S.K.: 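A single structure is presented below for examination.
Model, not experiment: these values are computed from the prediction.
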Amino acid sequence: QVQLVESGGGLVQAGGSLRLSCAASTRTYSSYGMAWFRQAPGKEREFVGAIEWSGGYSVYAESVKGRFTISRDNAKITMYLQMNYLKPQDSAIYYCTAGSFGTILLGTARSWGQGTQVTVSS
């Protein structure tokens with residue numbers, strides 16, 4: 001099971017940018033799909049976006065499409081989430097997950113990070 005550690009969260013004003021990172025513990029990660037989810041207080045966990053193992057294909061939730069970009073560097077065994085034009089409704093704990101592409105899209109993969117807080121002020 002891959003261990004994942006997110007970083008890069010923080011407080012930012014609306015319209016600003018942040019880049020989150022998700023570092024994996026093993027190079028076997030490079031064969032996995034990776035995804036970002038988020039969860040705001042009192043709300044269910046929400047899919048943000050995913051990227052397949054080679055980085056050649058990614059998919060996003062409509063709410064972030066055009067503002068967020070997922071990338072990965074398999075040499076550094078790290079995935080990134082570049083978040084631009086942030087809105088207060090983007091505030092949440094952001095989690096990364098790894099597994100087969102089907103499981104990460106459904107949020108049922110076994111490997112999850114501990115989360116990083118993103119707060120966007122208006």
S.K.: Keeping Ser25 on the side-chain end and Gln3 on the backbone end, is there a donor-acceptor pair under 3.5 Å?
M.R.: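 Looks like yes, one N/O pair under 3.5 Å.
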S.K.: Walk me through it: do Thr97 and Trp36 pass the test side chain to side chain contact (heavy atoms under 4.5 Å, CB included)?
M.R.: CA-CA 6 Å; Thr97 182; Trp36 290 96; over 6 Å; no
S.K.: Can you see which heavy atom on Ala61 is nearest to which on Phe47, and at what distance?
M.R.: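 Looking at all heavy atoms of both residues, the shortest contact is CB-O, 3.3 Å.
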S.K.: Is a donor on one side and an acceptor on the other found under 3.5 Å between the side chain of Arg110 and the backbone of Gly99?
M.R.: no
S.K.: Closest heavy-atom contact between Ser122 and Ala14?
M.R.: CA-CB, 4.3 Å
S.K.: Would you call Lys87 and Val120 a side-chain contact if the rule is heavy atoms closer than 4.5 Å?
M.R.: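 No, their side chains stay 4.5 Å or more apart.
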S.K.: So, the side chain of Gln39 versus the backbone of Ala92: is there a donor-acceptor pair under 3.5 Å, distance only?
M.R.: no
S.K.: State yes or no: do Tyr95 and Val59 share one hydrophobic cluster built from I, L, V, M, F, W and Y residues joined by side-chain heavy-atom distances below 4.5 Å, directly or via other members?
M.R.: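 Looking at the clustering, Val59 is in the same group as Tyr95.
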S.K.: Could you go through the side chain to side chain contact (heavy atoms under 4.5 Å, CB included) check for Ile77 and Thr26 one step at a time?
M.R.: CA-CA 7 Å; Ile77 54 175; Thr26 170; over 6 Å; no
S.K.: For residues Cys96 and Met79, report the shortest heavy-atom separation together with the two atoms involved.
M.R.: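 It is CB-CE, 3.6 Å.
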S.K.: Any donor and acceptor pair, going by atom type alone, linking the side chain of Gln13 with main-chain N or O of Gly16 inside 3.5 Å?
M.R.: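 Side chain of Gln13 to backbone of Gly16: no pair is present.
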S.K.: Less than 4.5 Å apart, any side-chain heavy atom of Phe68 and any of Val48?
M.R.: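 In short, these two side chains touch, coming nearer than 4.5 Å.
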S.K.: Same cluster or not: are Tyr60 and Leu86 linked, directly or through other Ile, Leu, Val, Met, Phe, Trp or Tyr residues, by side-chain heavy atoms under 4.5 angstrom apart?
M.R.: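 As far as the 4.5 Å side-chain criterion goes, Leu86 and Tyr60 are connected within one cluster.
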S.K.: Taking the side chain as C-beta and beyond, is there a heavy-atom pair between Ser7 and Thr116 under 4.5 Å?
M.R.: no
S.K.: Using the rule given for side chain to side chain contact (heavy atoms under 4.5 Å, CB included), can you reason through Ser17 versus Gln82, listing the C-alpha separation, both sets of side-chain angles and the distance that settles it, and then say yes or no?
M.R.: CA-CA 7 Å; Ser17 298; Gln82 178 66 45; 3.9 Å; yes
S.K.: Using a 4.5 Å cut-off on heavy atoms from C-beta on, say whether the side chain of Glu6 contacts that of Gln114.
M.R.: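 Yes. Closest side-chain heavy atoms under 4.5 Å.
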S.K.: From Asp90 CG over to Ser63 OG, what is the distance, rounded to the nearest 0.5 angstrom?
M.R.: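 That separation rounds to 7.5 Å.
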S.K.: Check whether the ring centres of Trp112 and Phe37 lie less than 6.0 Å apart, and answer yes or no.
M.R.: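 Yes; Phe37 has its ring centre under 6.0 Å from that of Trp112.
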S.K.: Whether the side chain of Asn74 engages the backbone of Trp53 through a donor-acceptor N/O pair (distance < 3.5 Å, no angle test) should be reported.
M.R.: yes
S.K.: To the nearest 0.5 Å, what is the distance between CG on Leu81 and CG on Leu18?
M.R.: 9.5 Å
S.K.: So which heavy atom on Tyr29 is nearest to which on Asp73, and how close?
M.R.: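 Between these two residues, the closest heavy atoms are OH-O, 4.1 Å.
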S.K.: Begin with the C-alpha distance, continue with both residues' side-chain angles, and end with the deciding distance and a verdict on side chain to side chain donor-acceptor pair (under 3.5 Å) for Arg67 and Tyr85.
M.R.: CA-CA 6 Å; Arg67 299 187 298 121; Tyr85 305 107; over 6 Å; no
S.K.: For a quick check under 3.5 Å, do Ser91 and Gln89 share a side-chain donor-acceptor pair by atom type?
M.R.: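 The answer is no; no qualifying pair exists.
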S.K.: Please name the residue in the list Leu20, Ile93, Val64 that meets the side chain to side chain contact (heavy atoms under 4.5 Å, CB included) test with Arg38.
M.R.: Val64
S.K.: Leu4 and Ser111: which non-hydrogen atoms are nearest, and at how many Å?
M.R.: CD1-O, 3.6 Å
S.K.: Check step by step if side chain to side chain contact (heavy atoms under 4.5 Å, CB included) holds for Ser54 and Arg72.
M.R.: CA-CA 8 Å; Ser54 72; Arg72 64 191 293 167; over 6 Å; no
S.K.: Mind checking the OG-CD spacing from Ser31 to Glu52? Nearest 0.5 Å is all I need.
M.R.: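 If we round to the nearest 0.5 Å, Ser31:OG and Glu52:CD are 11.5 Å apart.
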S.K.: Give a yes or no on whether Tyr32 and Leu106 share a hydrophobic cluster (residues Ile, Leu, Val, Met, Phe, Trp, Tyr; joining criterion: side-chain heavy atoms under 4.5 Å apart).
M.R.: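 Not linked; separate clusters.
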S.K.: Which atoms form the tightest heavy-atom contact between Cys22 and Met34, and what is the distance?
M.R.: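 Smallest interatomic distance, heavy atoms only, reads SG-CE, 3.8 Å.
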